[in-house]
Amino acid sequence: MSDARNRLLGTASRLFYGEGLHSVGVDRILAEAKVTRATMYRHFAGKEDLVLEYLAEADKATRQNVEAGVAAATNDADAVRAVARGIAGHIQVEGFRGCAFLNAVAEYADPVHPVHMAVQAHRKWFLDTVTGLLARVGNTPVELDARHFVMLRDGAMAAGCLSDPGPIADTFCEAVEGILRARMS
């Protein structure tokens, strides 16, 4: 990746996450990234492509964090806990402004818009991943537990940027423990 492309994507990602997708204009991204419009169009067809790449990078980071947590776990229940701890840790990072995907879909409500579809693809991957992990813990039906996990995550992400994230992160992890206890009993 070229330095200019990295600056564009880094600047756009910071601004999109911090201020919203629609509220940040291309001119501001170009000025802060210190690149020309021609350079941007050499790397991205337009702002929408930049938004999609921002979400692709967020998806990649999430997948890597989940994979690392699962790989470090010593058993199936600990793999689920590792995913929960990763989410809890993310909520507590300085400057946390909620879930990039939930924020994006709030701005792109049309279900056939490419941004909305990228969010849906990420969420499907996450639900499928959680379903697979929980299926290895206990013998009870897994679909409802997996949907609960994702809903708890969504709520923790929303609450984590509205109030003190520490107790929110702790409550999220405690709720995931409740799911695990129910699956193992």
How about [X] and [Y]: do any of their side-chain heavy atoms sit closer than 4.5 Å?
| X | Y | result |
| --- | --- | --- |
| Trp125 | Val66 | yes |
| His43 | Ser2 | yes |
| Phe126 | Val130 | yes |
| Leu102 | Val119 | no |

| task | May I have all residue pairs that pass salt bridge (Lys or Arg N to Asp or Glu O under 4.0 Å) and include part of residues 114-126, sequence neighbours excluded? | result | Arg123-Asp154, Lys124-Asp128
| request: For atom CE of Met184, decide whether the heavy atoms of other residues, nucleotides or ligands shown that lie under 6.0 angstrom number more than 12. | output: yes
| message | Apply side chain to side chain contact (heavy atoms under 4.5 Å, CB included) to residues Val26 and Arg37 and explain how you reach the verdict. | response | CA-CA 9 Å; Val26 170; Arg37 190 171 297 275; 3.6 Å; yes
| task | Check salt bridge (Lys or Arg N to Asp or Glu O under 4.0 Å) between Arg136 and all other residues, then give those that pass, not counting sequence neighbours. | result | Asp76
| message | I'd like to know whether Leu133 forms a side chain to side chain contact (heavy atoms under 4.5 Å, CB included) with Phe149, so could you lay out the CA-CA distance, the side-chain angles of the two residues, the decisive distance to 0.1 Å, and finally the verdict. | response | CA-CA 11 Å; Leu133 291 171; Phe149 184 107; over 6 Å; no
Spacing of [atom1] belonging to [X] relative to [atom2] belonging to [Y], to within rounding of 0.5 Å:
| X | Y | atom1 | atom2 | value |
| --- | --- | --- | --- | --- |
| Cys161 | Asn103 | SG | CG | 7.0 Å |
| His122 | Thr62 | NE2 | OG1 | 4.5 Å |
| Lys60 | Asn65 | NZ | CG | 12.0 Å |
| Arg28 | Leu15 | CZ | CG | 4.5 Å |
| Leu55 | Tyr108 | CG | OH | 9.0 Å |
| Phe101 | Asp59 | CZ | CG | 5.0 Å |

Residue pair [X] / [Y]: nearest heavy atoms and the distance that separates them:
| X | Y | answer |
| --- | --- | --- |
| Asp110 | His116 | O-CB, 3.1 Å |
| Ala135 | Val142 | N-CG2, 3.5 Å |
| Gly20 | Glu107 | CA-OE2, 3.3 Å |
| Cys173 | Ala88 | SG-CB, 3.6 Å |
| Ala175 | Leu152 | CB-CD1, 3.7 Å |
| Arg153 | Cys99 | NH2-SG, 3.0 Å |

Tell me the side-chain hydrogen bond (donor to acceptor under 3.5 Å, both in side chains) pairs involving [range], sequence neighbours left out?
| range | value |
| --- | --- |
| residues 165-174 | none |
| residues 175-185 | Arg81-Glu177, Thr140-Arg183, Asp145-Arg183 |
| residues 156-166 | none |

Residues that [X] engages under side chain to side chain donor-acceptor pair (under 3.5 Å), provided they are two or more places apart:
| X | value |
| --- | --- |
| Thr39 | Thr36, Arg42 |
| Thr74 | Asp78 |
| Arg14 | Glu32 |
| His148 | none |

Would [X] and [Y] show up in the same hydrophobic cluster when neighbours are defined by side-chain heavy atoms closer than 4.5 Å?
| X | Y | value |
| --- | --- | --- |
| Val150 | Val105 | yes |
| Val83 | Ile168 | no |
| Met151 | Leu144 | no |
| Ile179 | Leu127 | yes |

| Non-neighbouring partners of Tyr17 that pass ring-ring contact (aromatic ring centres under 6.0 Å, His included), sequence neighbours left out | none
| Residues which pass ring-ring contact (aromatic ring centres under 6.0 Å, His included) with His90, listed by chain and number, not counting sequence neighbours | Phe96
| query | Within the distance-only criterion (no hydrogens, no angle test), does the side chain of Lys34 pair as donor or acceptor with the backbone N or O of Arg7 below 3.5 angstrom? | reply | no
| task | Applying side-chain contact (heavy atoms from CB on, under 4.5 Å), name anything that partners Leu52, two or more places apart in sequence or on another chain. | result | Glu48, Asp49, Pro114, Val115, Ala118
